[in-house]
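Proteins get letters first, then strands, A, B, ... in listed order; numbering begins at 1 in each.
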Amino acid sequence: MASPEPFKAPIGTRDILPPESGRWTRLLAEFAQVMHLAGYGFIQTPMFEDIAVFRPVGEGTDVVSKEMYDFFDKGERHLALRPEGTASVVRAFNQHHPNVPWKVWYAGPNFRYEKPQAGRFRQHHQLGAECIGVSDPDIDVELMVLLWDFFCTIGLSGLRLSINSIGDLETRHGYYEHLRAYLDARRDSLDPEDRRKIDQHPMRVLDSKRPDTREAIADAPTLLDVMSGVSRAHFERVRNGLAAAGVPFEIEPRLVRGLDYYTHTVFEIQSPALESAQSAIGGGGRYDGLAEALGGKAAPGTGFAAGIERILLACDAEGVFAEKGVHLDAFVVDLGDGSAARDVSAGLRRAGLSVDRAFDARSPKAQMKAANRSGARFALIIGEDELAAGMVTLKDLRSDVQQELVPRENLADELRKRLS
RNA sequence: GUGACCGUAGCUCAGCCAGGUUAGAGCGCCAGGUUGUGGCCCUGGAGGUCGGGGGUUCAAGUCCCCUCGGUCACCCCA
């Protein structure tokens with residue numbers, strides 16, 4: 001043994017193997033289709049960035065302050081594995097100056113140094129989409145509808161869409177003073193952890209799940225009460241749009257979200273089917289100040305991200321989007337030295353059929369077992385007799401139909417005939 | 001980072017609480033029954049440093065400590 005202990009995947013990461021991985025590729029394909037129909041192009045950004053790219057996510061947020069995987073490279077550059085997708089996309093927007101509206105979708109891993117638990121990993125994967133350069137509230141609606149429809153496409157139901165508006169910066173500053181005064185007056189009854197948030201980001205106190213805090217702030221003023229006319233109109237247009245699309249939603253005045261760059265619309269989709277504490281399978285919002293915060297020209301933006309692991313967990317809980325067995329058209333059983341299997345499988349693949357075969361000249365019985373296990377529709381048996389006659393024995397593995405001899409040269413056509 | 005529970009074959013687990021001959025089962029895998037035929041059945045086989053290290057003991061999978069890993073919860077988030 002080369003090493004006394006076999007290596008394991010690092011804590012909080014996991015291997016996604018077949019057949020489970022088949023769901024991932026199907027999920028990605030479905031998502032790509034949904035986004036394609038709405039004019040979004042695929043974008044891939046690096047998995048690591050200059051750490052400063054993620055600063056606007058929020059110095060006071062856990063994602064930035066304690067969960068970042070950061071490191072110095074050999075050139076002393078301070079880099080970080082991306083903890084979320086939006087900042088990178090906006091950085092790319094600033095760098096390349098594409099025409100607006102710039103509509104892109106992405107899929108890939110994010111990294112957060114957290115303690116793993118149900119639906120939470122150190123490397124997790126998200127699907128997401130962003131539209132940069134559009135202030136129109138209709139784009140907020142478009143994105144929410146797309147995400148909602150995507151979830152419906154894969155079979156999820158009973159989801160809950162919560163929306164809120166956290167207003168523009170002016171509105172929020174005014175509200176912060178108001179809210180701080182309210183919270184200060186109740187400081188003593190708040191949980192110590194929450195007390196610390198009052199100065200940094202008072203709205204996040206509203207989001208607290210701690211019982212003490214919840215009780216103390218039951219009648220806290222909401223931002224919706226003091227919102228500016230512009231914000232109010234934006235939010236109203238969003239609500240009307242969702243209603244027109246037939247997407248059910250609820251207004252959740254306490255919904256804040258953990259990232260600092262949001263303005264106006266924020267939303268979250270939860271799956272009540274998930275028993276675990278992490279029921280949010282997707283979320284997003286508008287981030288009108290982010291491009292500028294990253295050193296670019298001011299540009300409005302909206303987007304969402306959804307966690308693949310959690311989506312799949314929700315699918316399991318609802319019993320939808322199940323794993324599919326591998327599909328093969330045929331499996332070649334070669335009773336000789338394997339040359340026939342080699343040549344026939346290569347030929348059929350070139351003809352567009354999915355074909356596998358056995359190796360190592362195993363016994364007929366073993367090869368038939370392998371054929372059965374492969375999930376192939378037909379076994380193609382080639383022994384001495386077939387070889388001499390230029391034929392192939394074709395056996396339907398999914399029914400008890402009598403096996404038959406077909407000419408080797410017409411094999412692809414004969415198979416296709418029986419597969420259709 | 002804090003807390004709780006759990007690590008025995010590829011997988012799911014029994015054995016631990018009352019330490020004591022070669023550590024078991026089901027499924028999976030391999031081979032044979034069927035000298036060229038899968039799925040059902042029968043028979044046999046391979047596969048385990050009982051997560052790792054230390055301690056107690058004549059003796060540790062079993063008791064104690066540490067450590068690593070897993071699971072779940074808090075915080076926070078997808």
Give none if [N] has no partner; otherwise give the nucleotide forming a Watson-Crick or G-U wobble pair with it, both distances under 3.5 Å.
| N | answer |
| --- | --- |
| B:U62 | none |
| B:A31 | B:U43 |
| B:A25 | B:U12 |
| B:G48 | none |
| B:G3 | B:C72 |

With a 3.5 Å cut-off and sequence neighbours excluded, list the donor-acceptor pairs that the side chains of residues 322-334 of chain A form with protein atoms.
unit_1, atom_1, unit_2, atom_2, d
A:His327, NE2, A:Asp329, OD1, 3.0
A:Asp329, OD2, A:Ser354, N, 2.9
A:Asp329, OD2, A:Ser354, OG, 3.2
A:Asp334, OD1, A:Gly336, N, 2.6
A:Asp334, OD2, A:Gly338, N, 3.2
A:Asp334, OD2, A:Ser339, N, 3.4
A:Asp334, OD2, A:Ala340, N, 3.1
A:Asp334, OD2, A:Ala341, N, 2.9

Please determine whether any donor N or O and acceptor N or O are separated by less than 3.5 Å between the side chain of A:Lys365 and the base of B:G33.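 For A:Lys365, whose side chain was compared with the base of B:G33, there is a donor-acceptor pair (under 3.5 Å).
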Please confirm whether any donor atom in the side chain of A:Gln403 sits under 3.5 Å from an acceptor in the base of B:U37, or the reverse.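 Looking at the base of B:U37, it does pair with a donor or acceptor on the side chain of A:Gln403 (distance under 3.5 Å).
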Whole angstrom value for the distance that separates [atom2] of [N] from [atom1] of [X]:
| X | N | atom1 | atom2 | answer |
| --- | --- | --- | --- | --- |
| A:Arg362 | B:U37 | CZ | P | 15 Å |
| A:Arg398 | B:G39 | CZ | P | 16 Å |
| A:Asn372 | B:C29 | CG | P | 10 Å |
| A:Glu404 | B:U37 | CD | P | 19 Å |
| A:Lys369 | B:A31 | NZ | P | 8 Å |
| A:Asp15 | B:G70 | CG | C1' | 15 Å |
| A:Lys115 | B:A73 | NZ | C1' | 10 Å |
| A:Phe31 | B:A78 | CZ | P | 15 Å |

Can you find a side-chain donor-acceptor pair between A:Glu49 and A:Ser88 that sits under 3.5 Å?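 Their side chains do contain a donor-acceptor pair, which is all the 3.5 Å distance test asks for.
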Residues A:Glu318 and A:Ser157: side-chain donor-acceptor under 3.5 angstrom: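 The answer is yes; a qualifying pair exists.
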Over all strands shown, is [X] touching base, sugar-phosphate only, or nothing at heavy-atom distances under 4.0 angstrom?
| X | value |
| --- | --- |
| A:Gly12 | sugar-phosphate |
| A:Ile381 | base |
| A:Ala280 | sugar-phosphate |
| A:Glu114 | base |
| A:Glu384 | base |
| A:Asp385 | base |
| A:Ile11 | sugar-phosphate |
| A:Gly128 | nothing |
| A:Glu386 | base |
| A:Arg14 | nothing |
| A:Asp334 | nothing |

Would you tell me if any nitrogen or oxygen in the side chain of A:Gln117 comes within less than 4.0 Å of OP1 or OP2 on B:A73?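 For B:A73, OP1/OP2 do have a side-chain N/O of A:Gln117 under 4.0 Å.
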Has A:Arg373 got a side-chain N or O lying under 4.0 Å from the OP1 or OP2 atom of B:C30?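 Looking at the OP1 and OP2 atoms of B:C30, one of them is under 4.0 Å from a side-chain N or O of A:Arg373.
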Does NZ or CZ of A:Arg180 fall inside the cone over A:Tyr182's six-membered ring, less than 6.0 Å from its centre and within 45° of the axis?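 Not satisfied by the 6.0 Å and 45° rule.
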On the ring face of A:Phe93, is A:Arg91 found with NZ or CZ under 6.0 Å from the centre and within 45° of the axis?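 Because its charged atom misses either the 6.0 Å distance or the 45° angle limit, A:Arg91 does not stack over A:Phe93.
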For residues 23-40 of chain A, pull every pair meeting salt bridge (charged side-chain N to carboxylate O under 4.0 Å, His left out), keeping only residues two or more places apart or in separate chains.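 Residue pairs with at least one partner in residues 23-40 of chain A: A:Arg23-A:Asp316.
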Separation between the [atom1] atoms of [N] and [M], rounded to whole Å:
| N | M | atom1 | value |
| --- | --- | --- | --- |
| B:G1 | B:G55 | C1' | 30 Å |
| B:C27 | B:U22 | C1' | 25 Å |
| B:G20 | B:A60 | P | 11 Å |
| B:G53 | B:C68 | P | 15 Å |
| B:U43 | B:G54 | C1' | 46 Å |
| B:G61 | B:U57 | C1' | 16 Å |
| B:U8 | B:G69 | C1' | 15 Å |
| B:G26 | B:A46 | P | 15 Å |

Return the nearest nucleotide to the side chain of A:Leu397; candidates are B:G38, B:A78, B:U37.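 When the side chain of A:Leu397 is considered, B:G38 is the closest of B:G38, B:A78, B:U37.
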What's the closest nucleotide to the A:Arg310 side chain, out of B:A78, B:G38, B:A73?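 The nucleotide sitting nearest to the side chain is B:A78.
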Determine whether the aromatic ring of A:His125 stacks with the base of B:A78, defined as ring centroids separated by less than 5.5 Å and ring planes inclined by less than 30°.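 Stacking is absent between B:A78 and A:His125, given that the ring centres and planes do not meet under 5.5 Å and under 30°.
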Within a radius of less than 6.0 Å around CZ of A:Arg398, do more than 12 heavy atoms belonging to other residues, nucleotides or ligands occur?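 Check passes, neighbour count above 12.
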Salt bridge check, A:Arg160 against A:Glu250: does any charged N sit closer than 4.0 Å to a carboxylate O?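 Between A:Arg160 and A:Glu250 there is a salt bridge, with a charged N closer than 4.0 Å to a carboxylate O.
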A:Ala9 vs A:Asp62, nearer the 5' end of RNA chain B by closest nucleotide: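 On the 5' side of the pair lies A:Ala9.
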